[in-house]
Amino acid sequence: MALTRPEFVPNPSPSREEMEALQREIADVATFEDDFDFDPATLTFDSPVDLGDDTQQRLTDDGPIVAGVDQAFLDDGDRALSAVVALQDGAIVDRASAVVDTEIPYIPGLLSFREGGAILTALSNLAVEPDLLVVDGSGQIHFREAGLATHIGVTIDVPAIGVAKNLLCGTPAEPIPDHMPEGERIAVEADETVETAEPGTVIGHAVQTRQYESGSTSINPLYVSPGHRLSPETTTDLVSQCAAGYKLPEPTRLADRAADQRKREGGEE
DNA sequence: GCGACAG
DNA sequence: ATCTTGTCGC
C-alpha cells in the first residue's frame, strides 16, 4: 500500500479550520468519476468452487480484491479498532486490524481525523493490494465532499466506496418511503449544506439492498456514495453486487464481524 | 438563537 | 460507535 498523498494522512493536531481546509484540498484531488482497472463484471461473491463439472472452472483471471473496513471502540472508548477483510471471488484472502489511541472526539464532518489513522494502519498491515475499498461511513455525501471513504481513498489513491447507515447531509431527490422496495435506489443531491457542490448535484444514493416483502417491520436503506475514482451510479451498482442476502454489503459485514471478534479476544496487543 | 449531524 | 435480554415476526 502506497501513501500517494502523505500530506493527507489524518492528523488530529490541527485546528478545526485547518482540518476543514485540508478536506477541501482532498475533495479537489478526489475523482467522482469512474477510473479503475478491474472489470465490474468480475466482482462476484459466488463460490468459485463448483464440484462436478470441469467446465464450471473459471475461464478468466482472478477477480478484483475488495477490502471491507469497519471500526469499533475498545471498552475504555479511548482507542479505535479498525478491522479490514480482503475478499477475492467471494473468498477471504487476507485480514488485518489495528488499534490506535483516539485523539479527538467524534465531530460530524471530521470523522476521518478521529478514525482515519487506525484505518490506514490496518490497511498497511494487509499483505495484499486491494483494488477496491468499501468503507463504513460517507464519501462524497459530506459537507465538503471529503468523507471518511474519500479521505482514505485519495490518500492511498485506491478506488473507494462509502457505505453509511444514516444520511449525513444532502437531500433525497424524493422522500424515502417507509418501506422502500429491495433493489431500489433514490439519488441523494447536494443542497446548501454541501458547500463544495452545486445544489442538485447527485452525490450518492439511498440504496435498499434488502427488504421484507410484507409485514409491518421494514429495513432502512443504506446511504452509499463514491469515495474516490468512482461515479455515484457505479458506486451503487458495485454495492448492490456486493450484497449477498444481507443489508450490508459482504465486505462490510465481514469486517464488522472481524472487528467484534478482534474486540472480544482483547483489543490490547 | 434553533436545528442537524457518518461512526 | 456504545450501554444491553428478551422478544415479536417472517
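Bear in mind the structure is a predicted one, so any value in this text is a computation, not a measurement. Order of the sequence lines fixes the chain letters, A, B, ..., with proteins taken first and strands second; residue numbering starts at 1 for each chain.
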Determine whether the aromatic ring centres of Phe32(A) and His228(A) lie less than 6.0 Å apart.
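Aromatic pair excluded; centres sit 6.0 Å or further apart.
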Quick one: do Ser15(A) and Glu18(A) satisfy side-chain hydrogen bond (donor to acceptor under 3.5 Å, both in side chains)? Show the steps, please.
CA-CA 5 Å; Ser15(A) 67; Glu18(A) 292 173 309; 3.3 Å; yes
Protein-nucleotide distance ([X], atom [atom1]; [N], atom [atom2]), rounded to Å:
| X | N | atom1 | atom2 | result |
| --- | --- | --- | --- | --- |
| Glu182(A) | dC10(C) | CD | C1' | 14 Å |
| Leu167(A) | dA6(B) | CG | C1' | 9 Å |
| Asp70(A) | dG7(B) | CG | C1' | 9 Å |
| Asp256(A) | dG7(B) | CG | C1' | 11 Å |
| Ile152(A) | dG7(B) | CD1 | C1' | 13 Å |
| His179(A) | dG9(C) | NE2 | C1' | 13 Å |
| Arg79(A) | dG7(B) | CZ | P | 23 Å |
| Ile203(A) | dC5(B) | CD1 | P | 14 Å |

Taking 4.0 angstrom as the limit, do Asp70(A) and Arg262(A) come out as a salt bridge?
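No, this pair does not count.
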So, Glu33(A) and Arg229(A), do they make that salt bridge, N to O below 4.0 Å?
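Answer for the salt bridge query: no.
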Indicate, with a heavy-atom threshold strictly under 4.0 Å, whether [X] touches base, sugar-phosphate, or nothing.
| X | result |
| --- | --- |
| Gly109(A) | base |
| Ala72(A) | sugar-phosphate |
| Leu110(A) | base |
| Phe73(A) | sugar-phosphate |

What nucleotide, of dA1(C), dC5(B), dA6(B), holds the atom closest to the side chain of Lys165(A)?
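Closest of the options to the side chain of Lys165(A): dA1(C).
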To the side chain of Glu115(A), which of dA6(B), dT2(C), dG7(B) is closest?
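Comparing dA6(B), dT2(C), dG7(B) against the side chain of Glu115(A), the answer is dG7(B).
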Option passing side-chain contact (heavy atoms from CB on, under 4.5 Å) with Lys247(A) (candidates Thr252(A), Ile219(A), Val207(A)):
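Checked Thr252(A), Ile219(A), Val207(A) against Lys247(A); only one passes side-chain contact (heavy atoms from CB on, under 4.5 Å): Ile219(A).
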Between Thr234(A) and Ser231(A), a side-chain donor and acceptor under 3.5 Å:
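Distance-only check passes for Thr234(A) and Ser231(A).
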Are a donor atom and an acceptor atom from the side chains of Gln208(A) and Glu184(A) found within less than 3.5 Å of each other?
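No - no donor-acceptor pair under 3.5 Å links their side chains.
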Start with the C-alpha distance between Thr171(A) and Glu189(A), add both sets of side-chain angles, then the distance that settles side-chain hydrogen bond (donor to acceptor under 3.5 Å, both in side chains), and finish with yes or no.
CA-CA 5 Å; Thr171(A) 305; Glu189(A) 305 175 338; over 6 Å; no
Tell me the stems DNA chain C sits in, counting at least three consecutive Watson-Crick or G-U wobble pairs, each under 3.5 Å on both distances.
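DNA chain C stems: none present.
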Output yes when at least one side-chain N/O atom of [X] is less than 4.0 Å from OP1 or OP2 of [N], else no.
| X | N | answer |
| --- | --- | --- |
| Lys263(A) | dT2(C) | yes |
| Tyr106(A) | dA6(B) | yes |
| Asn166(A) | dG7(B) | yes |

Would you kindly compare Ser216(A) and Asp260(A) by the position of their nearest DNA chain C nucleotide and give the one closer to the 5′ end?
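This one resolves to Asp260(A).
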